[in-house]
Structures are given as structure tokens and as C-alpha cells.
Engineer: 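One structure, pasted below without further comment.
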2 protein chains.
Amino acid sequence: MARSELRRPAPAPELGLDVYRRLREGIIAGRFQPNERLVEANLSRMLGAGRTAVRAALVRLDQEGLVTREHNRGARVRLVSDQEALQIEEVRAALERLLARQAAAKATASDIRELRHVLVDMRKRLSSGDAIGYSELNPKFHQLIWATARNPTAGRLVGTLKSQSLRFQYQTMLRPGRPQRSLREHELIFSAIVAHDPEAADAAMRDHLEEVIETLRWAIGHKSRPPQWLPD
Amino acid sequence: MARSELRRPAPAPELGLDVYRRLREGIIAGRFQPNERLVEANLSRMLGAGRTAVRAALVRLDQEGLVTREHNRGARVRLVSDQEALQIEEVRAALERLLARQAAAKATASDIRELRHVLVDMRKRLSSGDAIGYSELNPKFHQLIWATARNPTAGRLVGTLKSQSLRFQYQTMLRPGRPQRSLREHELIFSAIVAHDPEAADAAMRDHLEEVIETLRWAIGHKSRPPQWLPD
DNA sequence: AGACGGGGGATTGTCGACATTATTAGCGAT
DNA sequence: ATCGCTAATAATGTCGACAATCCCCCGTCT
């Protein structure tokens with residue numbers, strides 16, 4: 001039984017999980033630079049938790065592919081090379097095709113309603129010239145498809161993959177005419193799901209992600225500067 | 001540097017990693033039954049390591065999908081339902097298709113030599129009636145394909161998936177005529193890779209794994225008894 | 001001056017102890 | 001006898017400390 005509340009406001013509703021989430025958030029948001037050392041003691045102070053929690057979070061993030069850990073050498077933010085980013089996108093494409101197929105097979109009226117809602121939002125933002133707003137809705141659309149497919153295994157995997165390559169996404173919408181084509185591709189996927197046509201959904205998703213990969217290749221080729229080295 | 005102490009049996013070349021590997025091995029080998037509680041103190045004594053190492057291993061295994069952890073309730077061996085096993089196999093199929101495709105594109109002479117070697121071994125064992133020996137070589141063949149594809153991301157993912165559904169594999173070869181057809185399917189995959197024909201490799205792998213999934217479905221339908229419960 | 005080797009600082013690996021929480025057993029009341 | 005409540009038990013969450021290890025700087029020797 002809990003005695004009187006000690007002076008801590010919220011000592012432990014899953015503190016460890018919170019540390020994990022915040023660290024993950026920080027890495028994805030880019031608050032830690034790639035290849036930056038993640039010193040346990042620092043993070044411990046920074047996050048206000050003991051080293052054990054930090055360590056557990058690092059283990060999870062390592063398994064998730066967001067950090068690399070070497071024995072007796074600590075953890076660093078994992079730097080994903082351009083080549084790796086392409087590989088990751090290819091894998092993601094394979095999984096998303098499966099998910100699109102299953103989503104088409106299993107979509108309920110409610111699922112379709114939600115998808116349509118996101119899609120009209122996308123249309124709206126795009127026609128008002130809000131390209132970044134559009135690209136913010138993009139993940140939402142895909143996540144709804146994952147949920148519709150009701151395949152937790154594939155869903156989890158594709159989610160972690162997405163988080164690994166997230167640093168690259170913002171560049172892809174800079175390509176001239178890309179947002180419009182992207183919207184059209186999404187509409188095709190949506191149509192296939194509405195029609196409960198797994199084959200068409202698979203094909204539409206394949207075309208879409210091939211375009212995405214192609215665009216990513218273009219973005220990599222055109223990016224301003226090769227990776228810039230800052231000394232430690 | 002004074003290096004007098006050399007005869008230590010296993011002082012600490014990554015003790016934590018060893019704990020993880022042994023636990024993982026134990027779970028996959030079935031030494032822990034599904035849904036069995038994994039008490040940290042017990043494992044700590046059993047494996048001769050502190051609780052910290054055990055805890056870290058459990059976190060990794062949780063992220064890997066082999067155990068489930070609930071807050072303040074400890075860890076259990078994850079029980080994968082039949083439905084989940086099928087889902088996992090479907091995901092695996094999607095990834096293996098990609099890997100087969102890339103393997104066909106990138107295979108070197110050395111890769112092909114190794115693949116051929118395994119394949120003739122499979123033929124030999126099968127023609128001598130050694131069905132279980134054949135099914136032992138099966139993973140080896142696939143792993144060679146993963147290595148040939150040179151896609152670490154997909155390779156890791158498919159590896160972890162395989163470990164999750166490993167409990168089901170032994171049943172699939174009991175189907176009459178299955179080994180012969182399996183061998184034939186493998187030969188087709190091999191041919192496509194030798195011909196450096198990604199399209200054909202993809203198709204061959206698709207056909208193969210559709211057969212596997214179908215067989216798995218059959219095995220699930222025909223399995224002797226629903227899971228038997230032993231009290232704690 | 002350059003190479004080799006030792007030492008100091010920093011960081012991780014490992015451990016046991018303490019606090020917190022879930023579970024179970026026991027007891028009494030209705 | 002069943003239900004509700006309380007107390008004991010067992011296991012997890014969390015923490016700081018100690019030891020082992022690595023890295024880098026610096027002094028010394030050739």
C-alpha cells in the first residue's frame with residue numbers, strides 16, 4: 001500500500017518506458033546528431049533517471065536499429081548511409097505491399113471512412129499549396145493502412161523501419177511535381193482498397209513506393225553536400 | 001601491458017551477450033514452454049549471472065518478439081498462436097521474395113558454388129530417405145540466399161521472424177510428398193539465381209513460400225492435440 | 001624528432017540492496 | 001459457505017557503488 005505521497009510528483013508510472021520514448025523521440029527528431037556518442041551518465045542526468053533505465057532504453061534502441069552499441073565502448077546514434085536508406089526503403093516497400101493487399105481484403109466501412117477523411121485532407125492542403133502539411137499527412141495515411149491490414153507483425157516491422165529512415169523523408173517532397181503525383185498514387189491505392197481488390201492494391205502500392213524510391217535516389221544525388229564531418 | 005592472467009575460462013568476453021544467446025537458445029529449443037514465466041532471480045542463478053544481465057537479455061528478447069513483458073508483472077515466453085504463425089510466414093515470404101530478387105542480381109561465382117553445394121547435399125539426403133536431414137539443410141539454403149543478397153536490414157528481419165515461428169517448422173515435412181516438391185522448388189530458385197534473373201527468382205520464391213504456407217495451414221489443421229496445459 | 005610504454009581520466013559492465021507493486025493466503029463478517 | 005478486507009509473500013523497478021576496460025596524454029628512450 002502506498003504510504004503518504006513522498007515529494008515526487010510522478011515517480012514511476014513506467015519511468016523506464018518514458019525514458020525509452022523520450023530518447024527515441026530525441027533521436028528521430030534529430031536532437032542527437034548521427035554518430036554522436038550517447039554517454040549513459042549524461043543521459044541519466046539529462047532525463048532525470050538512473051543509469052539502469054537509460055541502459056535498458058539503449059538496448060531496445062540498439063535492437064531497433066536506431067543506435068549502435070559496441071562492447072565497452074558505449075552507444076552512438078546510428079548513422080544510416082544513403083545506401084542503407086535505399087535498402088530500408090526497399091524492405092519497407094515489400095512489407096507495405098503485403099499490408100496494402102491485406103488491407104484491401106479486410107477493410108471495413110469504418111476503415112474506409114477514415115482513409116477517405118485523410119485523403120480529402122491531403123487534397124485540401126495540397127490545393128492550397130501547403131506542401132509540408134501534405135507530407136505530414138502522408139505517414140498518417142500509411143499508418144491507417146497498416147491498421148486496416150490487422151497484421152501486427154508486419155505493422156511493427158514497418159514502423160521501426162520507417163523510424164530508421166525518417167531523416168530522409170523531408171527531402172523527397174522538394175522534387176518538382178512530386179506532391180501532385182504522390183497524391184494521385186495515394187488515390188489509386190485508396191480506390192483499390194475500397195474495391196476490395198488485393199491484387200490492385202498490391203500493384204498500386206508497388207508503383208507508389210517505386211516512385212518514392214526513385215525520388216529518394218534523386219534526392220540523394222542532388223543533395224547539397226556529402227556528409228559533413230565535425231570532429232568530436 | 002602485463003598479460004599474466006590468460007587461463008581464465010570465461011572471465012568476461014561479453015557476459016551479457018552470452019546470457020542473451022543462451023536464453024534465446026533455450027527458448028527456441030523449447031526448453032522453456034510457451035507462456036512459462038521467466039523469473040529474473042531464477043534465471044540469474046541458473047545462468048550464473050547477475051540480474052542486470054538477465055534483464056537486459058529479456059529486454060532484447062522482448063523487442064525481438066520471443067518474450068512478452070508486462071510492467072511490474074515480469075516476462076513470459078511468448079506464445080505464438082496459429083494465426084500469428086501464419087502472419088509471420090506471410091511477412092517472411094514478402095521479405096524472402098525481395099532477398100531472392102536481390103540475390104539473383106548480385107550473386108557471385110562463389111555464392112553460386114556454395115548454394116550448389118548445399119543443394120546437392122539436399123538431393124543426396126533426400127534420395128537416401130533422410131527427411132529430417134533434408135529439413136535441417138533447408139534453413140542453410142535460405143541463409144545463403146540472404147547472405148548473397150547483401151541486404152543486412154532484410155536479413156536481420158527475416159532471421160528474427162524465422163526464430164519466432166521455428167516451433168512450427170518440423171511439422172511441415174510430415175506431409176506426404178512434401179519433401180520432393182520442396183526440393184524441386186529449391187532447384188527452381190537456384191536456377192533463377194544462377195541465371196541472374198531477378199524476376200524469375202522472385203516468382204520461384206513466391207511459389208515456394210506459398211506452398212510452405214499452404215502446407216503450414218494443412219499442418220495446423222491436422223495437428224494432433226491442442227496445446228496441452230501443464231500446471232505451473 | 002619519432003616511437004614506445006606507462007599512467008590518469010573517463011565510461012562502461014556488473015552486482016547486490018532497497019523501495020514499489022502484484023499476487024496470494026488467511027481471517028472474519030454477513 | 002461466500003464475499004470482502006487485510007496481511008504476508010514474491011517478484012519487479014530503480015538506484016548507486018565498485019571493478020574492469022578503453023582511450024588519450026605525456027614522459028622517456030633510442
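Letters A, B, ... are given to chains in the order of the sequence lines, protein chains preceding strands, and every chain is numbered from 1.
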Engineer: Round to a whole Å and report the spacing from CG of Asn72(B) to P of dT23(C).
Structural biologist: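 Rounded to the whole Å, the gap is 9 Å.
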Engineer: Please report, rounded to the nearest Å, how far the C1' atom of dG13(D) is from the CD atom of Glu70(B).
Structural biologist: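 Roughly 15 Å, once rounded to whole Å.
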Engineer: To the nearest angstrom, how far is Arg76(B) atom CZ from dA11(D) atom P?
Structural biologist: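 From Arg76(B) CZ to dA11(D) P: 12 Å.
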Engineer: If you draw a 6.0 Å radius around CZ in Arg156(A), do more than 12 non-hydrogen atoms from other residues or ligands fall strictly inside?
Structural biologist: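 Correct, the count exceeds 12.
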Engineer: Could you tell me how far apart Arg69(B) (CZ) and dA22(C) (C1') are, to the nearest whole angstrom?
Structural biologist: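 To the nearest whole Å, that distance equals 15 Å.
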Engineer: Whether the side chain of Ser165(A) engages the backbone of Ala85(A) through a donor-acceptor N/O pair (distance < 3.5 Å, no angle test) should be reported.
Structural biologist: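 Judged by distance alone, no pair lies under 3.5 Å.
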Engineer: Measure the distance from NE2 on His71(B) to C1' on dA19(C) and round it to the nearest whole Å.
Structural biologist: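 Answer to the nearest Å: 13 Å.
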Engineer: How many whole angstroms separate atom CG of Asp62(A) from atom P of dG13(C)?
Structural biologist: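 Whole-Å distance recorded here is 11 Å.
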Engineer: Taking Asp111(B) for the side chain and Thr108(B) for the main chain, is one N or O donor matched with an acceptor at less than 3.5 Å?
Structural biologist: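 Side chain of Asp111(B) to backbone of Thr108(B): a pair is present.
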Engineer: Salt bridge check: are Glu214(B) and Arg217(B) linked by an N-O gap of less than 4.0 Å?
Structural biologist: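 The answer is yes: the pair qualifies as a salt bridge.
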Engineer: Verify whether the ring centers belonging to Trp146(B) and His142(B) lie closer than 6.0 Å.
Structural biologist: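 So the answer is no for these two rings.
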Engineer: To the nearest angstrom, how far is Arg73(B) atom CZ from dT24(C) atom C1'?
Structural biologist: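 So the CZ-C1' distance, Arg73(B) to dT24(C), works out to 14 Å.
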Engineer: Can you check whether Leu144(B)'s main-chain N or O pairs, donor with acceptor, with Thr148(B)'s side chain at less than 3.5 Å?
Structural biologist: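 A pair under 3.5 Å: yes.
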Engineer: Which residues within residues 38-55 of chain B lie with some heavy atom under 4.0 Å of an atom in DNA chain D?
Structural biologist: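 Leu38(B), Val39(B), Glu40(B), Arg51(B), Arg55(B) - these, ordered by number, are the residues of the stretch whose heavy atoms sit under 4.0 Å from the strand.
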Engineer: Starting at atom CG of Leu15(A), determine the distance to atom P of dT14(D), rounded to an integer number of angstrom.
Structural biologist: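 Computing the Leu15(A):CG to dT14(D):P distance gives 5 Å.
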